[in-house]
Amino acid sequence: MSKVLEVNDLVTKFYTLDGVVNAVNGVSFDVEDGETLAIVGESGSGKSVTMMSLLGLIPMPPGKVENGEAIFMERQDLLQMTPAELRDVRGGQIGFVFQDPISTLNPILTIGEQISETLVKHKGMSKNEARDRVIELLTQVGIPDPDLRYKAYPFQFSGGMRQRVVIAIAIACTPKLIIADEPTTALDVTVQAQIVDLFKRLRDALGVAVIWITHDLGVVAGIAERVLVMYGGRPAEIASVKDLYESPKHPYTVGLLGALPRLDSRESKRLVSIKGAPPDLLIPLAHCPFAWRCDYAFDRCWEEIPPLIEVGVGHHVACFYDMEKGGPRNG
Amino acid sequence: MENKPQITRSAAGASADSLLDVDQTYREQAAYYGRFLWRDKSGIIGLIMFLTVVFAAVFAPWIAPYDPLEQNLRESKVPPVWQAEGSWDHILGTDNLGRDIFSRLIYGARVSLTVAFFGVLIAASLGLIIGSIAGYMGGRIDSVIMNFINLILSLPYLLFVVFIAAILGRSLINVILIFGITDSPIFARVTRGEVLRMRQSGYVESAISAGARWPRIIFDHITPNLIGPLITLATFEMSAMIFYEAGLGFLGLSVPPSVPSWGNMLAAGRKYLQCCPWIAGAPGLAIMFTSMGMNLLGDWLRDVLDPRLRRSRK
Amino acid sequence: MQRYFLSKLGQSILLLFGVLLLVFAMVRVTGDPATLMMSRQASPEDMEEFRERMGFNDPLLVQFGRFMSGAIVGDFGNSLHFKTPAMPMVLDRLPATLQLAFTALVFAVVIGVPLGLIGGFNPGSYIDNIARGLALLGQSVPNFWLALIMILYFAVELRWFPSFGRDEWKSVVMPAFVLGLPVMGQIVRMARSSVLEIRGEDYIRTARSKGLERRTIYTKHVFRNVAIPLVSVIGVQFGYMLGGSIYIEAIFAWPGMGQLLEQSIGWRDFPLVQALAVFTAVVVLALNLLTDMTYAFIDPRIRYGK
């Protein structure tokens, strides 16, 4: 299997009036062909910025990618591409689905126009040629009466239907990778499930890799194969879904899993939320960003930044504390 | 600051929100806005310009070298000091009746600021009441009030101000009342928008469900959120009223001709434009100075207090 | 669409009724319209004769009925100063005022829109600073004062333009510039801030995520959305100019409705003032309807009655 995307040591900063925001501080991960990787973290953990900065979708300035490489399709570094090359990748080989379907569609253009745009750009189709493809796409994402809906405006759709339109845009040019940034967060719970199902169906049908960004570990189990947990702009833990749920190695992951409401548990356990606030990204850290909120933090956590180390097959964690042993990790 | 202001501002705004989320003391907040003020040069320049005018108005009797009404026909039409025949006795010269222009300008600031301040006070109070009613009641009442307000705002404002002023006659109270009443729809619209937004936002709902009473909700949640947009709007509207007052004065419809207002000075100076341009020049520059200061200040306030407010009539 | 138009039309008619009511009531609000309209030297007999002739002695309701039935056919009585029907004189002045306001609007739009757009696309740039400076100047300079200064310099001193009247094409330059300046400032601000705002919208990020060219994004996604607030501000400003032209027309002796208004207020010729106020309101309301239609044309949310 080949890798669709391999990111190494990405560093992104925002130079704002209040100071330098250290949004992403050295993130590495990879995505295999046809695989779904979930990136999990609370808001401000850098999960969205990581993906958006790879594709030049953060405002620059104030944003700036300072370090790293992002090898796409084992060939080209996204960060070294010219703007024109990057435009060919965006929409053409990488599709996007964003959080709020209400605001992600242009209110005054028909959805047909908004979907065919990307076909015109990347497939060199004329508007008429694109039309047939758009109707096919609308059918594919489960929108009834696609012929009629082609000429409809976003405000004539419900939130869930709009998200289907956004998904149609994302898959229009049969991309290799779809980046879905909290695609279900803004939707009703019942609609959420529908969208997740649609995603799974399309992923399997098209064989496309997906990066699913979310703050909700609950959704992850149903869709992803591997999970990257981020904290304070750094990776905290990377593991397969199974490993992560069964033996989380990072205290933060443990906290996240503890904060999950469990439907299957008999006793009504109170929701545990992780105490404390996420770190202030304005201050460059010289120690573990989670140390403030960590029950297991000891001297070393306040002195060094824990590197990402492999603790099992494909299971990496950035923590000095070994929870199974109940003491500091060796080395 | 000047590079890419929008992006930097919104980024700063985002981090400002996160800063304000945490329980901050008022002093910390003040320090934060103070930092903002220092960073935005045009804001501080505007503030200084505005305070200069306020200072002149408040301390007029101590600053003005002459009585603004004292005529001295032997010293009429003296040009300002930088012209050949000018003298330090009258820095900005004298008018056709020999009155000291500098002193009249300083007293004129009193008239302009009085009209602007009380006019806005009335407009804001009326607007607050009407807007809150529309916002709270919602439904039919809201849509009737708002349609009415939008239509009033679409009328040629100046024309009706002139029309009403011509009928009511020249007095300070009349001018204040006219501006206060005719300007209230703008305040009503902004208030209504804010009230509606807050009613729909989560925290007022949660306050209600937590059993808070209406007065408490209004004081704790709605008022603080209204203050920002209303202060910003008030700054712009005060600037507009100073303009309109001068315009009315120019047409001979504002305060009585004996009162040294900038508009009256302009109207009087118009007749001596060719021989003595400084008579009309000085009040015009004073209006420009004040208006520019308040516009700069208003822009800055808008950026800091209220990124949503976009449009006001002018 | 039709419902939208009809509701707007209905609102305008309702407002026109409101304007008529206001104009009727204001003249009577001081108690005695005769003292308002007659000179102070008039004898009590003259006053009484005037009241009788104007029908001010009739019950208010009768007066109102007469006023309204006249107003519907455009009859606001005779001008006190000219002793001829007021409305035809007002209509006479319309072309001059429209010419002035339209020239001023064209100037404001042609300069203001591109400047604001360029400023918004390149915030902090050289052109943006010029745009913002001009906008501030346009908003801070009292235009009636600027008119005086310009007459002094460009008419008296340099003799480039006539200082008053409407005799040649040059005549319109100075009044239109002065009248359009604050409007231009407003348009620059509006265009600039709309571009900045819309540039940051989520759907622009979506457009970028499709890999569209910068130019396509601007022309297709940004401009059309900027046009919505811009059309509304231009409509409002045109109405503002019809009212604001009173100073400019008075200063430049421009033979339009504004000048007539200034004069008739001086003569206390209230039938004429009433006719002017009502007619200007009608023109502005018609313009607003036009703006609303343009709005619906650009914005499908309005077209489909959302």
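Atoms considered below: every heavy atom in the structure, side chains included; atoms not considered: hydrogens, waters and symmetry mates. Residue numbering restarts at 1 for every chain, and letters A, B, ... go by the order of the sequence lines.
- Contacts of B/L253 with chain C are made by side-chain atoms alone, with heavy-atom separations under 4.5 Å and no backbone atom involved.
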Should B/D299 and C/R132 be marked as a salt bridge (charged side-chain N to carboxylate O under 4.0 Å, His left out) after you check the CA-CA gap, both sets of side-chain angles, and the distance that decides it?
CA-CA 11 Å; B/D299 278 342; C/R132 291 205 293 169; over 6 Å; no
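- Looking only at side-chain heavy atoms (C-beta outward), C/T97 and C/V283 stay at 4.5 Å or farther from each other.
- Of the residues considered (B/L158, B/L159, B/I167), B/I167 shows the highest number of contacts with chain C, using heavy-atom pairs under 4.5 Å.
- When B/G281, B/G252, B/G247 are compared by the number of non-hydrogen pairs under 4.5 Å with chain C, B/G247 comes out ahead.
- C/V19 touches chain B through its side chain: at least one heavy atom from C-beta onward sits under 4.5 Å away, while N, CA, C and O do not.
- Comparing C/N143, C/L276, C/V23 by how many heavy-atom pairs each has under 4.5 Å with chain B, the most go to C/V23.
- Listed options B/A166, B/G284, B/P283 were ranked by heavy-atom pairs under 4.5 angstrom with chain C; first place goes to B/G284.
- The parts of C/Q11 that come within reach of chain B are both its backbone and its side chain, each placing non-hydrogen atoms under 4.5 angstrom from that chain.
- For B/I173, the CD1 atom sits in a loose shell: 12 or fewer heavy atoms of surrounding residues, nucleotides or ligands are nearer than 6.0 Å.
- Ring planes of C/Y247 and C/F144: tilted class, angle from 30 to 60°.
- Residue contact with chain C, scored on non-hydrogen atoms closer than 4.5 Å, is absent for B/F289.
- B/N295 places a side-chain N or O within 3.5 Å of a backbone atom of B/S291 that can act as its donor or acceptor partner.
- Of the residues considered (C/P142, C/A277, C/S245), C/P142 shows the highest number of contacts with chain B, using heavy-atom pairs under 4.5 Å.
- From C/K8, atom NZ reaches atom OH of C/Y295 across 8.5 Å, with rounding to the nearest 0.5 Å.
- Annotation: C/F56, atom CZ; neighbour count of heavy atoms from other residues, nucleotides and ligands within 6.0 Å is above 12.
- When every heavy atom of B/S254 is checked against every heavy atom of B/E245, the shortest pair comes out as OG-OE2, 2.7 Å.
- The contact between C/V284 and chain B is made entirely by side chain atoms (from C-beta outward), counting heavy-atom distances below 4.5 Å.
- Contact of C/L15 with chain B is made through the side chain alone, with heavy-atom distances under 4.5 Å.
- For C/L14, no part sits under 4.5 Å from any heavy atom of chain B, backbone or side chain.
- A 6.0 Å sphere centred on CD1 of C/I127 holds no more than 12 heavy atoms belonging to other residues, nucleotides or ligands.
- For a residue to count as touching a neighbouring chain, one of its non-hydrogen atoms must lie under 4.5 Å from one of that chain's; by this rule B/L251 touches chain C with the side chain only.
- In this structure, B/I287 and B/L266 have side chains that are in contact, with non-hydrogen atoms separated by less than 4.5 Å.
- Residue B/V161: no heavy atom, backbone or side chain, is found under 4.5 Å from chain C.
- Between chain B and the residues C/T280, C/V273, C/L22, the largest count of heavy-atom pairs under 4.5 Å involves C/T280.
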